[in-house]
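Worksheet for the structure shown next.
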Amino acid sequence: NAGVMQNPRHLVRRRGQEARLRCSPMKGHSHVYWYRQLPEEGLKFMVYLQKENIIDESGMPKERFSAEFPKEGPSILRIQQVVRGDSAAYFCASSPLTGGSGNTIYFGEGSWLTVV
Amino acid sequence: RKEVEQDPGPFNVPEGATVAFNCTYSNSASQSFFWYRQDCRKEPKLLMSVYSSGNEDGRFTAQLNRASQYISLLIRDSKLSDSATYLCVVKPGGYNKLIFGAGTRLAVHP
C-alpha cells in the first residue's frame with residue numbers, strides 16, 4: 001500500500017513563474033491537508049480539502065496560492081508568480097477520516113520549492 | 001504569542017545522556033497532543049501521542065499537564081540515532097488541523 005505520494009520532490013522556479021505541486025493521498029483516503037515549512041520553522045497548516053471541496057483554507061495566503069482536489073487525480077497546490085519567500089518545503093498529508101480522537105494523519109515526503 | 005512554543009535548542013548531549021524537551025500551548029481547548037520527529041529534509045513522523053496520565057514507549061516518556069498547558073518529552077539513554085528535530089504538535093479539535101511548534105534540535109555525539 002503506497003504511502004502519500006508527492007511530486008515533484010524538488011522544484012526550482014524563477015521569480016514570476018508558476019509552481020504546481022501534486023499530492024496523491026494514500027489509497028482509501030479522501031481527506032488531504034497541505035502544510036508549508038519555511039527554513040528553521042515548524043510546519044504551518046495551509047488548507048484542508050476533501051474530494052471537490054475546500055473545507056478550510058484559513059492558512060492559505062490571500063493571493064497567488066490555490067488548491068484543489070478533483071474527483072479524479074491528485075490534489076494540486078498551485079503558486080502563481082512565485083517570489084523568493086515562497087521557497088519552502090510543502091508537505092501533503094492524508095487521512096481516512098475527518099479527525100476525531102487520536103491521530104490518523106500520514107505525511108508525504110514533501111516537495112522542496114526553491115525560487116531563484 | 002505563538003500557539004505552540006518549544007525550547008529553541010540545539011541540545012548537544014553525549015550518548016547515554018537523559019534529555020528533556022518542554023513545550024507550552026496557548027489554546028486551552030486543545031484536545032490532542034503529539035511529539036513528532038523530523039530528520040533533516042524529511043517529513044515529520046509521529047513519535048508518540050501524549051496523554052494526561054503520561055505515557056512511555058521504551059526510552060521515551062511523554063507528559064501532559066492540561067492545567068499548565070505544558071507538554072514534555074524525556075529521552076533516556078540517548079542514542080546517536082536520536083539526533084533529529086523534535087516537534088511538539090497540538091490538535092485543537094475536530095479534523096486534522098495540526099499546530100506545530102518550531103521544533104527543538106537534538107544532536108547526540110559519541
Side-chain angles (χ1 to χ4, degrees), chain A residues 3-7 9-11 21 23 25-26 29-50 53-60 87-114, chain B residues 1-10 21-27 29-53 55 57 62 64 71 73 84-105:
Chain A
V4 178
M5 304 300 292
Q6 291 189 245
N7 69 84
R9 294 293 314 283
H10 301 277
L11 182 64
L21 310 177
C23 169
M26 285 182 72
H29 289 193
S30 59
H31 303 262
V32 167
Y33 313 82
W34 285 94
Y35 288 79
R36 176 167 69 172
Q37 187 173 31
L38 296 170
E40 305 302 319
E41 294 189 16
L43 280 73
K44 295 286 194 292
F45 169 82
M46 299 181 75
V47 62
Y48 162 41
L49 310 104
Q50 295 179 22
N53 284 303
I54 296 175
I55 307 302
D56 182 346
E57 56 182 347
S58 59
M60 289 280 270
S87 296
Y90 292 83
F91 290 99
C92 173
S94 73
S95 68
L97 301 170
T98 190
S101 62
N103 184 44
T104 53
I105 187 171
Y106 301 85
F107 281 91
E109 293 184 320
S111 291
W112 267 259
L113 172 65
T114 301
Chain B
R1 183 186 173 189
K2 292 181 181 179
E3 292 183 79
V4 178
E5 297 208 60
Q6 296 185 240
D7 288 345
F21 301 141
N22 303 315
C23 168
T24 57
Y25 61 95
S26 60
N27 185 350
S30 297
Q31 296 184 3
S32 304
F33 309 88
F34 313 93
W35 283 101
Y36 274 73
R37 170 194 169 126
Q38 187 176 28
D39 293 289
C40 187
R41 296 189 69 80
K42 297 285 188 181
E43 76 275 25
K45 293 182 179 177
L46 179 65
L47 181 64
M48 58 198 305
S49 300
V50 189
Y51 306 111
S52 297
S53 55
N55 49 302
D57 182 2
L64 166 65
I71 306 164
L73 176 68
T85 297
Y86 290 83
L87 304 169
C88 179
V89 182
V90 171
K91 186 165 80 169
Y95 52 86
N96 285 305
K97 182 178 179 178
L98 304 178
I99 310 299
F100 284 80
T104 302
R105 192 176 302 172

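No hydrogens, no waters, no symmetry mates; every other heavy atom, side chains included, goes into these values. Numbers restart at 1 for each chain; the letters A, B, ... are given by sequence-line order, proteins then strands.
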Selection from B:Ala102, B:Cys88, B:Gly101 maximising heavy-atom pairs under 4.5 Å formed with chain A: B:Ala102
Chain A contacts, top residue of B:Glu43, B:Lys42, B:Gln6, B:Lys45 (heavy-atom pairs, under 4.5 Å): B:Glu43
Portion of A:Gln37 that has a non-hydrogen atom of chain B nearer than 4.5 angstrom: side chain
Separation between CD1 of A:Ile105 and CG of B:Leu46, rounded to the nearest 0.5 Å: 10.5 Å
Interatomic distance, B:Leu98 atom CG to A:Phe107 atom CZ [nearest 0.5 angstrom]: 5.5 Å
Heavy atoms from other residues, nucleotides or ligands near CD of B:Glu5 exceed 12 (cutoff 6.0 Å): yes
Residues, nucleotides or ligands: over 12 heavy atoms within 6.0 Å of A:Met60 CE: yes
Test: A:Glu109 and B:Arg41 ion pair at under 4.0 Å: no
Aromatic centroids of A:Tyr35 and B:Phe100 separated by under 6.0 Å: yes
Atom group of B:Gln38 that falls short of 4.5 Å from chain A, counting heavy atoms: side chain
